[in-house]
Amino acid sequence: MTNSDLTHVIDQCRALIERRFTANEEAGAAAMLLSDGKVLVGTAPEAMNPAVEVCHETEPYCAAYRLDQKVVASICLHRDEHGEYLVLSPCGVCQERLAVHGPNVLAAVPGPDVAQWVPLKELMPHYWAAVFEDGSSEWAS
Ligand SMILES: [Zn+2]
């Protein structure tokens with residue numbers, strides 16, 4: 001995986017927002033790079049009851065499973081009312097979902113160049129599964 005691959009992930013995420021939503025409408029989307037090099041994008045609808053809404057990452061996450069591919073990098077972007085793009089670090093639920101793909105999955109967090117990429121193990125230095133030392137998990141310490 002190269003920096004250009006990661007830039008492509010950011011570009012695909014922004015492209016979905018620009019294609020799907022009207023200009024300057026607040027909107028969000030996510031994109032994930034898979035182990036085969038494919039980039040999947042997704043977004044999530046609003047609901048009458050916000051408690052039932054899902055994260056933007058949900059669509060590419062489920063599609064990666066359908067395609068039997070590992071997720072190697074994930075980003076979630078929010079375009080605000082001024083048209084600025086903000087990187088949303090993965091929420092706790094999304095971190096838990098990404099953990100299935102191992103501690104080295106790259107997650108986008110806000111950075112000087114729009115986004116910076118950090119391994120999941122840096123977001124979750126005390127991940128609960130790391131306590132198991134039976135070798136059944138990549139997270140074992
Ligand atoms: Zn989430």
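Counting starts at 1 for both ligands and their atoms, following the listed order.
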Name all pairs fulfilling the side chain to side chain donor-acceptor pair (under 3.5 Å) condition that reach into residues 34-49, sequence neighbours left out, sorted by first residue then second. Ser35-Gln69, Thr43-His56
Sum up the protein N, O or S atoms located under 2.8 Å from the Zn ion (ligand 1). 3
Anything under 3.5 Å between a donor and an acceptor, one on a side chain of residues 81-89, the other on a protein residue two or more places apart or in another chain? List them.
unit_1	atom_1	unit_2	atom_2	d
Tyr85	OH	Glu18	OE2	3.1

Between His101 and Val72, is there a side-chain heavy-atom distance shorter than 4.5 Å? no
State, with a plain yes or no, whether a side-chain heavy atom of Glu57 is found less than 4.5 Å away from one of Ser74. yes
Which residues pass the side-chain contact (heavy atoms from CB on, under 4.5 Å) test with Ser4, not counting sequence neighbours? Thr2
Would you please test Leu123 and Gln95 for side chain to side chain contact (heavy atoms under 4.5 Å, CB included) and show each step? CA-CA 8 Å; Leu123 286 182; Gln95 288 180 33; 4.2 Å; yes
